[in-house]
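Encoded as structure tokens, the structure appears first; notes follow it.
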Amino acid sequence: MNIRKIAFYDAKPYDEESFKAVNGEFGYEIKYHHSRLGLDTAILASGSEFVCAFVNDIIDKDVVEILYDQGVKLIALRCAGYNNVNLHAVYKKIHVVRVPAYSPYAVAEHAVGLILALNRKIHKAYYRTRDNNFNINGFLGFDMHGKTAGIIGTGKIGRVLIDILKGFGMKILAFDSYPNPEAAGEQGFEYTDLDTIYSKCDIISLHCPLVKETYHLINEDAIKKMKDSVMIINTSRGALIDTVALIEGLKAKKVGSAGLDVYEEESEYFFEDFSGNIIDDDILARLLTFPNVLVTSHQAFFTREALHNIAHTTLSNIRDFIDGKPLVNEICYKCGAESCNKKITGKCF
Ligand code: NAI
């Protein structure tokens with residue numbers, strides 16, 4: 001039997017563990033590369049028909065050319081977002097599949113973790129009590145019950161978060177460029193425009209994809225329209241927020257707190273250990289100085305269940321391609337595929 005080869009980029013120990021466990025069912029030859037996919041490393045895919053890539057791998061025009069010349073037929077993203085892929089470059093050359101959902105619960109629950117920690121200052125309390133300091137000055141929070149949350153993007157993750165926050169007794173306002181009135185009726189939330197979300201919500205959480213229309217959605221103008229002391233949560237993609245504007249909002253005490261699992265320039269730092277290094281990125285460094293900012297390193301997806309689902313869907317996507325089956329998780333270009341780009345951007349190239 002012809003063993004199919006996969007060049008696996010940006011492999012971390014937990015990736016290898018979950019893929020090795022699931023690959024028993026598939027039998028691919030997976031070559032795990034610790035380096036990220038980019039111009040200098042694309043050559044490592046030589047001899048592999050398939051490439052497995054993650055959120056910070058670079059899949060631009062030049063990289064696509066190298067992969068294509070080496071005979072790569074399919075890029076299997078082991079993530080949901082695909083803003084790092086130049087879809088025009090892969091068009092008619094290399095198929096791209098993704099894992100549209102691996103655990104909306106993991107991400108929504110992490111967003112709730114950020115909200116609770118920021119509101120009740122749990123991240124600060126942890127250090128205080130470890131130092132035998134049992135003073136609670138500065139830890140004053142607010143009841144979430146009765147407050148209003150604004151959810152931008154009511155897809156899989158946004159809707160799970162809505163259910164959880166409804167459980168806290170919060171009122172939910174939502175914005176989505178493709179609203180889902182049925183879900184609104186069933187779950188008891190209300191669609192409105194962005195300006196109303198900005199002016200009425202105590203907590204705003206972002207769950208839309210990063211596309212041209214959403215780049216720097218949260219900018220100086222948007223922040224100006226928000227309620228004083230608003231809490232902003234981003235577990236989606238960093239560039240949804242203009243970080244400089246956020247920092248200004250925090251300095252002006254307009255923004256009460258921010259929980260960020262993603263950062264627009266994260267690719268240099270996130271997922272890596274820089275504890276012995278100097279951070280050259282002054283914006284990230286400034287962000288980390290605020291007591292009311294909680295940064296996590298793109299870990300919202302990181303649960304056992306999600307890792308299993310990621311590995312299984314990724315390897316199934318590749319098997320569907322080998323078997324000539326429809327690629328239900330293909331990113332557009334065969335317009336009509338389940339995850340067609342058209343739904344997100346309104347056009348299919
Ligand atoms: P989804 O595709 O189910 O939902 C996205 C929603 O955003 C859709 O309802 C869509 O109509 C809406 N949308 C599209 N353009 C919009 C716009 N311009 N304004 C407002 N809404 C718009 O995606 P899902 O699974 O809920 O994921 C949401 C995002 O979460 C992903 O795009 C991804 O970037 C991020 N994510 C982050 C993870 C992490 O570990 N931090 C893990 C998984 C996803």
Side-chain angles (χ1 to χ4, degrees), residues 80-81 83 104 107-108 111-112 114-115 118-119 142 144 146-166 168 170-264 293 300 341-347:
N83 50 285
V107 183
V112 175
L114 291 173
I115 293 171
L118 283 167
N119 179 20
F142 58 84
M144 287 166 64
K147 298 292 185 305
T148 305
I151 306 299
I152 302 181
T154 55
K156 293 174 282 297
I157 296 169
R159 291 206 308 275
V160 171
L161 181 62
I162 288 171
D163 275 345
I164 300 173
L165 296 182
K166 293 279 293 181
F168 281 96
M170 295 194 81
K171 180 180 175 196
I172 310 289
L173 295 178
F175 173 79
D176 195 301
S177 41
Y178 300 87
N180 182 343
E182 224 170 78
E186 272 170 26
Q187 293 183 257
F189 66 89
E190 195 186 313
Y191 279 109
T192 183
D193 53 58
L194 282 172
D195 279 358
T196 308
I197 292 210
Y198 296 151
S199 63
K200 293 248 163 47
C201 292
D202 304 284
I203 298 171
I204 295 175
S205 196
L206 307 177
H207 302 285
C208 55
L210 175 62
V211 289
K212 210 161 74 203
E213 296 74 24
T214 57
Y215 176 78
H216 282 187
L217 180 75
I218 304 300
N219 53 24
E220 191 187 345
D221 268 2
I223 290 172
K224 261 192 214 143
K225 293 173 188 164
M226 291 179 189
K227 273 178 100 163
D228 288 348
S229 300
V230 62
M231 180 189 289
I232 299 174
I233 302 293
N234 188 7
T235 57
S236 197
R237 283 293 179 267
L240 295 177
I241 297 184
D242 174 351
T243 316
V244 172
L246 176 67
I247 288 172
E248 288 310 314
L250 285 156
K251 281 163 70 181
K253 301 189 177 63
K254 173 79 181 170
V255 177
S257 55
L260 310 171
D261 187 51
V262 285
Y263 165 61
E264 52 184 324
V293 171
N341 200 40
K342 205 169 185 176
K343 180 176 170 264
I344 297 172
T345 63
K347 56 180 183 295

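We count residues from 1, following the sequence as given. Keep in mind that this is a model prediction, so the values were computed, not measured.
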Tell me which donor-acceptor pairs under 3.5 Å the side chains of residues 180-187 have, and how far apart each pair is, sequence neighbours excluded?
residue	atom	partner	partner atom	Å
Asn180	OD1	Glu182	N	3.4
Asn180	OD1	Ala183	N	3.1
Gln187	NE2	Arg159	O	2.9
Gln187	NE2	Asp163	OD1	2.9

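- Put simply, NE2 on His207 and CD1 on Ile157 are 7.5 Å apart, with the number rounded to the nearest 0.5 Å.
- Ile218 pairs with exactly one of Leu246, Leu206, Thr243 by the side chain to side chain contact (heavy atoms under 4.5 Å, CB included) rule, that one being Leu206.
- Within the model, atoms CE of Met144 and CE of Met231 stand 7.5 Å from one another, a figure rounded to the nearest 0.5 Å.
- Taking CD1 of Ile172 as the reference point, atom CD1 of Ile203 lies at 8.5 Å (rounded to 0.5 Å).
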Under 3.5 Å, which donor-acceptor pairs link side chains of residues 235-242 to any protein atom two or more places apart or in another chain?
residue	atom	partner	partner atom	Å
Ser236	OG	Cys208	O	2.6
Arg237	NE	Asn83	OD1	3.0
Asp242	OD1	Val244	N	3.2
Asp242	OD1	Ala245	N	3.4

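- In this structure, Gly155 and Asp176 approach most closely via the heavy-atom pair N-OD2, 4.1 Å.
- Nearest heavy-atom pair across Leu161 and Ser205 is CD2-OG, 3.5 Å.
- Annotation: the span from Phe175 atom CZ to Ile151 atom CD1 amounts to 13.5 Å, rounded to 0.5 Å.
- Shown here for Met170 and Thr148, the closest heavy-atom pair between the two residues is CE-C, 3.9 Å.
- Taking each heavy atom of Tyr198 and Leu217 in turn, the nearest pair found is OH-O, 3.7 Å.
- Taking both residues in full, the closest heavy atoms of Thr214 and Leu210 are given as OG1-CA, 3.4 Å, listed atom of the first, atom of the second, then distance.
- Side-chain atoms of Lys166 come within 3.5 Å of backbone N or O of Gly188 as a donor-acceptor pair.
- In this structure, Lys171 places its NZ atom where only 12 or fewer heavy-atom neighbours from other residues, nucleotides or ligands lie under 6.0 Å away.
- Remark: Asn119 CG to Leu114 CG distance equals 12.5 Å, nearest 0.5 Å.
- To the nearest 0.5 Å, atoms CD1 (Ile233) and CD1 (Ile115) are separated by 5.0 Å.
- Closest approach of Leu165 to Ala149, counting heavy atoms only: CD1-CB, 3.8 Å.
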Return all side-chain donor-acceptor pairs below 3.5 angstrom for residues 249-260, not counting sequence neighbours, or 'none' if the list is empty.
residue	atom	partner	partner atom	Å
Lys254	NZ	Met226	O	2.5
Lys254	NZ	Asp228	OD1	2.9

